[in-house]
Structures are given as structure tokens and as C-alpha cells.
Amino acid sequence: MYFPILRMRRLRMKDNFRRMRRETRLSISDLIYPIFIQDGKKIKLEVPSMPGIYRFSTDTVLEEVERVAEMGIPAIILFGIPAEKDSMATQAWVEDGIIQRGVRVIKEKFPELIVITDVCLCEYTDHGHCGIVKDGKILNDETLEIIKKIALSQVEAGADMVAPSGMMDGAVAAIREILDEYGYGEIPIMGYSAKFASSFYGPFRDAAESAPAFGDRRTYQMDPANRLEALQEIELDIQEGADIVMVKPALPYLDIIREAKERINVPLAAYQVSGEYSMIRAAAKLGWLDEKKAIWEATLSIKRAGADLILTYFAPELAEMIKEGWNES
Ligand code: PBG
């Protein structure tokens, strides 16, 4: 059947027809909100390259957490900026590390909220790499030993889920093993399974002071050109025991999200990263984009591509838009 018998515009003619025809909706339950915490008191420092995103101390962060918990956002993911860095990322796993303290204060006040912790070394190493460095190389298996300590210390502090983001081989299996050994068999793991070596992490590295001091991350993060390798990474993380897998960044990799969704049965997350956030903010500031419409369209496209969960700095704004009825307008 084709034109003029078939007319695609018929179901676009009225608001209610458009609602009835709509295939994808965003839900507050889809959203995971990243929050940065650092040492100190009464700190709320805006990240220059991420307007609207702040670094909080463990006292001020509670207000921000309350704001998102009240909106019904089910989960946050925490990133820490330690006061001191060294070659072994010690501050990532000590009992009184910034993340461990942050998790404790947040879980005490908001026991229902899912608090996810990022398991990585880069914010805690003086060289800024996601692993132990020797002779200019990032060592895999030595790094796994540190990754285990980080994950265990975060869970001991009360984290509900851990998310290894360093793209070390075997990280999910290593974390599963240590958590099970210490009696944390019920704690799930979200793997940053297909994480690409992306320029879109730039603003995050400003926020977390985690830019590598030498070289780049291409010996561990993925080549943006690769699709089959991404699917292999995702399958491997599932075999190692990941409960949720992730594609990151999101918007430049919608094809990977779609293809992963068609192949796997575990929940799929996508990370709308800092650069995706800042691009929209910057263009809106210049008056070049309608900010809210661009936020909605970009995030909706990630869901449409197949993401079940979306990590996004826009989470509070999206939650408000969802409540305002954007899904039905
Ligand atoms: C690494 C990590 C990064 C992000 C999340 N976890 C940065 C990197 O790989 O350099 C990026 C998130 C973003 O850009 O929003 N621990």
C-alpha cells in the first residue's frame, strides 16, 4: 500500500494521535545521576566546563542528593576527587577515602537511594591513568589487585553497586570474586563494558582532575572505529558476571547501543558523558539551540536506541520535564 491510499501524516494530525503513535518515552526510573564529591566543608564549586554541575563536600552533597531523591530519581553514581594523589591510588581504597566517607553520609540519610560507586584509579593517581604504571606502560593484572581493594572498600562503606570503568581486562571477574569472598554476593556489578577512548570525556577530566599526565588512554579504552570489538567486550563482561553492561559515550555510539540491545538479555546502560552535556549547554548559551528541546531529544534518542538506563548530568532537569508532561506533548 502506498500514496495516496497510505498517508503517513494522518497519525500526526492531532496531539492525541501523536501520543498514541509514540514509541518511546523517558521515565524517571531510567535515570542515574553522577555526582562529584571532594574533601573540605561547605564546598559547592561549579565545574567551569560543565555549567550547572558542581563539586560538593560531604556536607553540601546531602542537599543535592535530597533534591534528586525527592524527584524520584532511583540512583546516583559518585565520583571522588581526593586531596592527595599517588602512584598507587591509595586514596581510592582507604577506609576514610573521600568516596567511602561520602557513601556513608549519603546512605545514612537516604538508605533507599541506590548509591553506585565508580571503580577506577584515574582520579587517585598522580599520573592520571586508570592503572598502575611501569616504564610508561599501564599494567593490567597488577591493577586488578587495586581494583579489588577499591570495590571492596566501597561496598564495605555501604555502596549498593560498583561500576568498574577502567577498561582493564578481567575487572568484572576480579570484583565478583573478592565481593563473594567477603560475603557481598548480593551486590551487583555494572560494567563500563564498551568504553571508547573519547574526546567527549574532556569536561569530566576538568571536573575530576583526572587527565592523564602523559600519553592517552588508547591502550585500554576502545578505538571509536570498532563495533565488533564493542560487542565482544560486552559479551565478555556478561560472562564475567556483570549484572548491567554499559556503552559509553552514548550519542556518538547509538549504533553500538542498538546492536548490543538486540543481542543481550542483561540490562543495558548508556552514559551520556560530560562532553555530550557541555555541547548542549554551550550551544544553548550562545543561543544556537533550544536547550530543553535539545536535552530531551538527545536523551530520548539514547533510550530509543535501546538503553534501559541512562547515566546523565541532565537527570534532575529531565525528571522535571518528565513531570511537566514532555512525554505526552
Ligand atoms: C574514569 C571515568 C571517566 C568518566 C567516567 N569514569 C573518564 C575517563 O575515562 O577519562 C567520564 C565521564 C564523563 O565524561 O562524563 N574513571
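Given the structure is predicted, the values throughout are model-derived calculations rather than measurements. Order of appearance sets the numbers: ligands from 1, and atoms from 1 within every ligand. All heavy atoms count here, side chains included; hydrogens, waters and symmetry mates do not.
Residue Gln272 places every heavy atom at 4.0 Å or more from ligand 1. Note on ligand 1: Ser210 sits outside its first shell, no heavy atom being nearer than 4.0 Å.
Although no hydrogens or angles enter the test, the distance criterion places no donor-acceptor pair under 3.5 Å between the side chain of Arg55 and the main chain of Phe36. The closest donor-acceptor contact from the side chain of Ser278 to the backbone of Ser49 lies under 3.5 Å. At distances below 3.5 Å, not a single donor-acceptor pair connects side-chain atoms of Gln38 with backbone N or O atoms of Pro82.
Taking the six-membered ring wherever Trp is involved, the centroid distance between the rings of Tyr33 and Phe314 does not fall below 6.0 Å. Checked against the 6.0 Å centroid criterion, the rings of Tyr253 and Phe196 qualify as a close aromatic pair.
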Note to self: Under the criterion salt bridge (charged side-chain N to carboxylate O under 4.0 Å, His left out), I'd like the reasoning laid out for Glu63 against Arg67: C-alpha separation, chi angles, the key distance, then a yes or no.
What the structure shows: CA-CA 6 Å; Glu63 279 170 45; Arg67 183 170 79 100; over 6 Å; no
Next item on the list: Check the pair Glu186, Leu179 against side-chain contact (heavy atoms from CB on, under 4.5 Å), reporting the backbone distance first and the verdict last.
Entry: CA-CA 9 Å; Glu186 81 283 15; Leu179 293 184; over 6 Å; no
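Near Tyr271, meaning under 4.0 Å from any of its heavy atoms, are these atoms of ligand 1: 12 (C), 15 (O). Counting the atoms of ligand 1 from 1 in the order shown, those under 4.0 Å from a heavy atom of Cys122 are 1 (C), 16 (N). Ligand 1 places these atoms under 4.0 Å from at least one heavy atom of Arg217: 8 (C), 9 (O), 10 (O). Atoms of ligand 1 lying under 4.0 Å from at least one heavy atom of Glu123, given by number and element, are 16 (N). Proximity to Asp118 (heavy-atom distance under 4.0 Å) selects the following atoms of ligand 1: 6 (N), 16 (N).
Atom 15 (O) of ligand 1 has as its closest protein heavy atom Tyr313 OH, 2.5 Å. In terms of protein heavy-atom proximity, atom 10 (O) of ligand 1 is nearest to Arg205 NE, 2.6 Å. The shortest contact between atom 4 (C) of ligand 1 and any protein heavy atom is with Lys248 NZ, 2.6 Å. Of all protein heavy atoms, the one lying nearest to atom 1 (C) of ligand 1 is Lys195 NZ, 3.3 Å.
Remark: Glu324 CD is packed, more than 12 non-hydrogen atoms of other residues, nucleotides or ligands lying under 6.0 Å away.
Contact annotation for Ser274 and ligand 1: heavy atoms of both the backbone and the side chain come within less than 4.0 Å of the ligand.
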